[in-house]
Amino acid sequence: MIENMCAKKEPVKGLKPLEGAECGKVVMRFAPNPNGPPTLGSTRGIVVNSEYVKMYEGKLIIRFDDTDPQTKRPMLEAYDWYLDDCKWLGAEPDQVVIASDRIPLYYKYARQLIEQGNAYVCFCTSEDFKNLKDISEPCPHRDANPQENLMHWDKMLAGEYEAKDAVLRLKTDIKHKDPAIRDYGIFRIVKQPHPRPEVDSKYVVWPLLDFEGAIEDHELGTTHIIRGKDLMDSETRQTYIYKYLGWKYPKTMHWGRVKMHEFGKFSTSTLRRAIEEGEYSGWDDPRLPTLRAMRRRGILPQAIRKFMIEMGVGETDVSISMDTLYAENRKIIDPLASRYFFVWDPVELPIAGAQPRTAKPPKHPTENKGHRSIDVADKVLVCKDDVDQLQVGSRIRLKDLYNIEITSLSPLQASYIGDEVANLKKDRMKIIHWAPVNGIPVRVLSPDGEFKGIGEKLISTELDKVVQFERFGFCRIDSVGSEIVAYFTHK
RNA sequence: GCUCCGGUAGUGUAGUCCGGCCAAUCAUUCCGGCCUUUCGAGCCGAAGACUCGGGUUCGAAUCCCGACCGGAGCACCA
C-alpha cells in the first residue's frame, strides 16, 4: 500500500516522509503500559510506527512501560495480548523490551546523574515541593552534595524509607518559565510488589516515565519517536537527561487524541471495572473498542491499518466515526463474504399450492462461489418486520425461491403464484429473504444488542469466516453447533 | 495562575515550512438517479470548508499580530 520509500523519496499517499530518516537506519518503538489490551487508540501507535518502519526498512520495538506497580498496575495477560494483536495487525516487533526487567540499568544512570550533581534526593512532601516550584524556589534538598545524595539514594534502594518519604529529582532549571519542567521527579518509592512473578518485590524504587523512557530511547537506539500530544513536554524534560549524559535526542512527532463517535470516553481502568462487574462479557465484548473485539467481529487488520494510516499523524484532536473504518472493511470483505439467509424474529409462513423443491441461491451475487441448497416443503420462516408490512393480496418474491401472494394475515397464509422472475421490477414486487423451518438457530451479538433467529444450515460450514446475512449485515461466525453464534461486523 | 499545542466541508485528510498553478485534494457520510431476485456491492450526479478581525504584499488557507474556540502539561500515573 505504501511503497518502499528507500528508493524514491517521493511521498506516497498516507504518511508523510520522516524527517531525517535514512533507509535501513530507522529505529522506532511504541511503548504501551500493559494495563489492559490494545484498543483502537493504542492501535494508532502500533500501525503508524510499523508502517514507517516498513517504509524505511527499519527496526520496530515494542517496549512495555510497566514501571508502575500501583496506580496503573500492569495486567499480566496484557503483555501477550499486545504481542498477539501486533502480530495480527502485521506489526510484529523486531524486539520486545520489558522495562521492569531493566531496572538496574535505570539505577546505573541514576547513580551517574547523582554523582555528577544533576539529581538529588528530595524529602519534601509533594505539596511543599509544588508550592516552592510554583514560585521558582529551590527546595532545601537541592543543595545537598553528591556524597549526601548518594547516601540517601542507597538508603532508598535499601528500603529504608517508606513510600512518599523520598523521591529522586532531576536538577533542571528551577526558574524555567514552564513550571512543568522544573526539577521533576525521576524515581519514587513503591512498596507494592510488581505483578510479574519474575520481578515481584525485587525493587522498591521505581523510575517515572520521563526517566525510563529517556534512558530506553537512547539505549535502544531510537531514531524517531511518535507520541501523544499529552507527552509534548517530555522532550524538553528529557533533553536535560540527554544533555547531562551527552546523548543526542531523537526526532519527535506528536499526535492528538483519537475519539470514536460510537464509543464515549473510556479508560482502561473503567473498562476493567465494568468487565469485572459483569457489565461486559469480556475484553472482546462486541460493544468495546478493543482490538480483540474488532477481531472477533470480523474487522480485518488491513482495514484497520488503512484507516489509521489515512488518519496520519496530525496534532489536532480527532473524533472519527466507525463508519469510516467499516467502509474500509466492507471494501475488502464484500467480494469474499458468502451470502446466507438469516431470519430474525421468525414467523412461520405456510404456502399453499407449492411443490416441495430445493432452492439454489448463489453464495455471492457477482463472484463465482457456487450455490447453497435449501429444501423447502410447504412453509418457510420470514422476519416479523416483513410480515408487519404485508396485507392480504400482497404479492412478494421469496428471494431465490418463488413468488407468493398473501391470502390471510391471521393466521398467516400465502399461496404459490409462480416462479417468474422477469417482471419483479415492473410489478413492484417486494423481495424478501426467508429461512427453512428446519434451519439452525442463530444468535447474533452486536454493539446494539442481541438478535435471535433461524438461519440456513450451511452457515455451519463458515466457522471463523465473515459472511453476509442478506438484508441484515456482515457477521463473523464465531461458533457452530446446535446453535450458531455470530458477531456482527457492520451493515 | 504559569506553560505548550492546535483550529480546512457532518467526519477524517491534502495543501501551510519555501505566499500566486487553491473559485482548495482525496475518502467517508448525506441527498438524487441508474443498476441489482439483499436494506450489500457497483456506476453516475449533487451538496458541502480555509474560526474571526487587523496587518504585510501586486497577490495569503499559506507570513505577522490580536481575539475567540478547542486540547494538553504543571503527579512520588503512563
Side-chain angles (χ1 to χ4, degrees), chain A residues 11 13-14 16 31-35 65-68 70-74 99 122 124-127 129-130 133-136 163-169 176-182 184-190 205-206 208-210 212-213 227-237 254 256-258 261 268-269 306-307 309-312 314-328 330-331 333-335 337 339-341 361-362 364-367 385-386 397-403 420-422 424-425 429-433 468-474 490-491:
Chain A
K13 195 173 185 175
K16 291 176 218 172
N33 175 1
N35 62 344
D65 280 351
D66 60 344
T67 54
D68 178 9
Q70 198 152 34
T71 319
K72 286 190 178 167
R73 189 156 224 268
C122 170
C124 297
T125 64
S126 54
E127 195 186 339
F129 185 82
K130 178 179 165 41
K133 180 207 68 183
D134 282 348
I135 53 169
S136 287
K164 312 234 175 219
D165 284 355
V167 56
L168 188 71
R169 292 190 181 284
H176 197 287
K177 64 173 179 174
D178 182 351
I181 309 303
R182 299 170 194 157
Y184 63 93
I186 53 177
F187 282 86
R188 66 8 180 134
I189 297 166
V190 180
V205 176
W206 288 89
L208 272 333
L209 178 72
D210 276 317
E212 180 264 329
R227 56 177 148 223
K229 235 178 24 170
D230 50 328
L231 263 27
M232 242 170 183
D233 287 338
S234 285
E235 177 162 0
T236 315
R237 308 224 279 195
H254 304 95
R257 257 191 128 53
V258 190
H261 291 334
T268 308
S269 41
K306 190 141 187 279
F307 175 73
I309 287 165
E310 292 194 342
M311 203 150 61
E315 287 193 8
T316 46
D317 294 329
V318 299
S319 180
I320 192 167
S321 164
M322 288 293 287
D323 285 348
T324 311
L325 174 59
Y326 293 159
E328 295 295 350
R330 193 179 295 113
K331 281 180 202 160
I333 265 173
D334 185 75
R339 270 55 172 171
Y340 291 96
F341 290 151
H364 197 282
T366 54
E367 306 293 310
D385 290 347
D386 288 325
R397 171 73 181 182
L398 294 176
K399 188 168 186 287
D400 299 306
L401 186 61
Y402 45 56
N403 307 329
E420 188 55 51
V421 95
L424 292 178
K425 267 281 136 58
M429 214 181 271
K430 191 174 162 64
I431 301 161
I432 67 170
H433 71 293
Q468 189 203 51
F469 289 154
E470 297 197 39
R471 304 210 301 145
F472 181 77
F474 294 91
H490 47 67
K491 285 279 315 172

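Just so we're on the same page: letters track the sequence lines, and every chain starts at 1.
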For B:G19, the nucleotide meeting Watson-Crick or G-U wobble distances (both under 3.5 Å) is none
Partner nucleotide of B:A27 by Watson-Crick or wobble geometry (both distances under 3.5 Å): B:U11
Go through the structure and list residues passing ring-ring contact (aromatic ring centres under 6.0 Å, His included) with A:His490, not counting sequence neighbours. A:Tyr326, A:Phe474
Of all residues at least two apart in sequence or in a different chain, which pass the ring-ring contact (aromatic ring centres under 6.0 Å, His included) check with A:Tyr340? none
Okay, side chain of A:Asp317, backbone of A:Arg257: is any donor-acceptor separation there less than 3.5 Å? yes
Between the side chain of A:Asn35 and the main-chain N/O of A:Thr268, is any donor-acceptor distance below 3.5 Å? no
Which residue lies more 5' along RNA chain B, comparing A:Arg237 with A:Gln70 via nearest heavy atoms: A:Arg237
Return the set of residues passing salt bridge (charged side-chain N to carboxylate O under 4.0 Å, His left out) with A:Lys164 (not counting sequence neighbours), or none when no residue passes. none
Given atom [atom1] of [X] and atom [atom2] of [N], what is their separation to the nearest angstrom?
{"X": "A:Arg339", "N": "B:U37", "atom1": "CZ", "atom2": "P", "result": "14 Å"}
{"X": "A:His490", "N": "B:U28", "atom1": "NE2", "atom2": "C1'", "result": "13 Å"}
{"X": "A:Asp323", "N": "B:U11", "atom1": "CG", "atom2": "C1'", "result": "9 Å"}
{"X": "A:Asp66", "N": "B:C77", "atom1": "CG", "atom2": "C1'", "result": "13 Å"}
{"X": "A:Lys72", "N": "B:C77", "atom1": "NZ", "atom2": "C1'", "result": "5 Å"}

Think A:Arg188 has a side-chain N or O under 4.0 angstrom from the OP1 or OP2 of B:C77? yes
Check: protein-nucleotides 12-15 of chain B nitrogen or oxygen pairs below 3.5 Å:
from: B:G12; atom 1: OP1; to: A:Ser319; atom 2: N; distance (Å): 3.1
from: B:G12; atom 1: OP1; to: A:Ser319; atom 2: O; distance (Å): 3.4

How would you summarise protein contacts on nucleotides 62-67 of chain B per nucleotide, using B for base, S for sugar-phosphate only and - for none, with heavy-atom distances below 4.0 Å? ------
Between B:U29 and B:U11 - C1' atom distance, rounded Å: 7 Å
Please give the distance between the P atoms of B:U8 and B:C63 as a whole number of Å. 14 Å
Give every pair of a protein N or O atom and an N or O atom of nucleotides 42-48 of chain B that lie under 3.5 Å apart, one pair per line with the distance.
none

